[in-house]
Amino acid sequence: MTLTTGKQIGWIGLGRMGEAMSKRLLKAGHKVSVWNRTASKAAPLVEYGATIVGTKQDLAHCDFVFTMVSTTNDLKEVLFGEGGLVAGSVKPKVVIDSSSISQEGSAEVRQRLEAMGVGYLCSPVSGNAKVAKAGKLLQVASGPKALYTEIEPCLQAMARKVMWVGEGELARIWKIAHNTMFGVVIQNLCEITVLAEKAGIPRHIFLESINDSVLGSMYTRYKTPTLTNLTFDQVTFTPKLLLKDMDLGLAAARAYGVAMPAAAATRESVSRMVGRGHDDIDFAVLLQETAADAGLVLTSENVKMSDGLES
Ligand SMILES: NC(=O)c1ccc[n+]([C@@H]2O[C@H](COP(=O)([O-])OP(=O)(O)OC[C@H]3O[C@@H](n4cnc5c(N)ncnc54)[C@H](OP(=O)(O)O)[C@@H]3O)[C@@H](O)[C@H]2O)c1
């Protein structure tokens with residue numbers, strides 16, 4: 001049984017992730033009012049019961065407002081910029097941000113919100129939009145424990161597992177560490193897949209064997225159809241967003257004095273991919289780039305396979 005809070009919920013940011021996550025809240029029976037900069041992306045949520053509002057400040061009367069935008073600056077803009085959520089006299093009770101942003105940016109947002117009497121919880125997620133749609137996200141939170149307890153039923157509506165990792169911005173560090181591994185794993189998966197294919201093992205057979213080995217994971221399994229059939233036009237996460245996350249990882253490594261050689265090499269590889277103009281495409285296009293570096297031209301293997309996310 002899903003618990004609803006009976007609270008007024010607002011949502012800002014209906015990109016790939018925000019759309020899938022807010023839909024789960026709506027499906028669980030929560031009352032959600034939504035705003036997106038590109039208004040057309042909000043329309044499909046109406047059939048799930050969403051109320052579309054015309055401005056961010058129309059959400060200021062809500063108890064809880066979730067944000068899912070791209071970067072730290074985008075979060076600051078939707079909160080504090082002109083017409084921002086908390087720029088008027090009415091303020092929401094709590095802001096819960098799920099964007100992948102820096103620890104420092106998040107701390108500044110916390111300081112400004114708490115100074116206005118607005119509670120703040122960081123709640124980044126593990127999983128892409130398809131994972132979110134299937135209800136299989138992992139959602140981690142940090143901030144005041146009492147706030148977390150209050151918001152938990154909403155998080156549970158969006159995720160298969162929710163966890164509180166501590167006070168302040170600790171969930172940002174969790175997400176930064178998570179996404180650094182996310183980058184390093186795809187980098188290595190592409191390298192070894194190209195190695196295996198150049199040596200003569202068909203891609204889908206190699207990937208299937210890795211998925212069934214001790215190294216297989218939900219991540220390697222759900223990327224396998226894309227890597228096999230080269231369906232990079234089905235965008236889950238872009239090279240640019242991955243580069244942002246690798247930079248966040250390396251900045252945190254510098255701040256804490258931790259050497260991360262694998263992450264540093266991956267960052268340069270992702271940067272080259274972005275520099276080559278790969279933009280509105282899935283980050284798994286890294287496979288094609290790695291193959292090109294090895295003088296290998298890839299073709300789709302056209303194999304029908306499961307990504308393990310069917311609900
Ligand atoms: N995709 C994934 O697999 C994944 C997984 C976990 C976490 N994340 C993180 O989640 C966040 C969102 O990712 P996404 O894949 O959903 O990105 P996306 O599809 O590009 O969506 C970004 C959203 O932010 C809005 N936005 C960006 N800048 C804005 C601004 N200045 N003012 C108002 N709205 C703004 C966009 O509005 P418009 O529609 O108007 O452009 C859109 O709704 C990122 O921080 C990403 O790193 C992504």
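Only heavy atoms go into these numbers, but all of them, side chains included; no hydrogens, no water, no symmetry mates. Since the structure is predicted, the reported quantities are computational estimates derived from the model, not experimental observations. Every number for a ligand or one of its atoms is a count from 1 in the order of the listing.
Remark: minimum distance from atom 44 (C) of ligand 1 to any protein heavy atom is reached at V69 O, 3.3 Å. Counting protein heavy atoms only, atom 7 (C) of ligand 1 is closest to S100 OG, 3.6 Å. Scanning all protein heavy atoms for the shortest distance to atom 20 (O) of ligand 1 gives R16 NH2, 3.5 Å. Among protein heavy atoms, the minimum distance from atom 5 (C) of ligand 1 is reached at G127 O, 3.1 Å. Looking at atom 32 (N) of ligand 1, its nearest protein heavy atom turns out to be V78 CG1, 3.5 Å. Nearest to atom 45 (O) of ligand 1 among the protein's heavy atoms is S70 O, 2.7 Å. For atom 40 (O) of ligand 1, the closest non-hydrogen atom of the protein is T38 OG1, 2.5 Å. Among protein heavy atoms, atom 36 (C) of ligand 1 sits closest to R37 NH2, 4.0 Å.
Contacts between M17 and ligand 1 below 4.0 angstrom, taking non-hydrogen atoms only, involve backbone and side chain alike. Contacts between N36 and ligand 1, counted as non-hydrogen atom pairs separated by less than 4.0 Å, involve the side chain only. With a heavy-atom cut-off of 4.0 Å, M68 touches ligand 1 through backbone and side chain alike.
Of the listed options N128, T236, L14, T236 places a heavy atom closest to atom 1 (N) of ligand 1. Taking each of D282, T238, D74, V131 in turn, the one with a heavy atom nearest to atom 31 (N) of ligand 1 proves to be D74.
Near K41, the atoms of ligand 1 lying under 4.0 angstrom from a non-hydrogen atom of the residue are 38 (P), 39 (O), 41 (O). Each of the following atoms of ligand 1 lies closer than 4.0 Å to a heavy atom of E77: 31 (N).
Geometrically, ligand 1 and K175 share no nitrogen or oxygen pair separated by less than 3.5 Å. Here's the thing with T71: none of its N/O atoms is less than 3.5 angstrom from an N/O atom of ligand 1. Polar contact check, G13 against ligand 1: no nitrogen or oxygen pair lies under 3.5 Å apart.
The two residues S106 and R172 have their closest heavy-atom pair at OG-NE, 2.9 Å.
Atom-to-atom distance recorded for E77:CD and I12:CD1 is 11.0 Å, nearest 0.5 angstrom. The line from CG of N229 to OG1 of T299 is 10.5 Å long, rounded to the nearest 0.5 Å.
A side-chain N or O of Q139 and one of S123 form a donor-acceptor pair less than 3.5 Å apart.
For NZ of K31, the number of neighbouring non-hydrogen atoms (other residues, nucleotides, ligands) closer than 6.0 Å is 12 at most. When the shell of 6.0 Å around CE of M163 is examined, it contains 12 or fewer heavy atoms from other residues, nucleotides or ligands. Open room surrounds CD on E208; 12 or fewer heavy atoms of other groups in view lie less than 6.0 Å from it.
Listed for the D58 side chain is a donor-acceptor partner under 3.5 Å among the backbone atoms of T55.
The cluster map of Ile, Leu, Val, Met, Phe, Trp and Tyr, joined by side-chain heavy atoms under 4.5 Å apart, puts Y148 and M21 in the same cluster. Both V125 and L155 are members of a single hydrophobic cluster when ILVMFWY side chains are connected at heavy-atom separations under 4.5 Å. Under the 4.5 Å side-chain heavy-atom criterion for Ile, Leu, Val, Met, Phe, Trp and Tyr, M246 and V285 are members of the same hydrophobic cluster.
Within the structure, ligand 1 has K244 among the residues with a heavy atom less than 4.0 angstrom away.
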**OP:** Would you sort out whether E169 and R110 count as a side-chain contact (heavy atoms from CB on, under 4.5 Å), showing the intermediate values?
**Re:** CA-CA 9 Å; E169 290 12 272; R110 175 180 306 284; 2.8 Å; yes
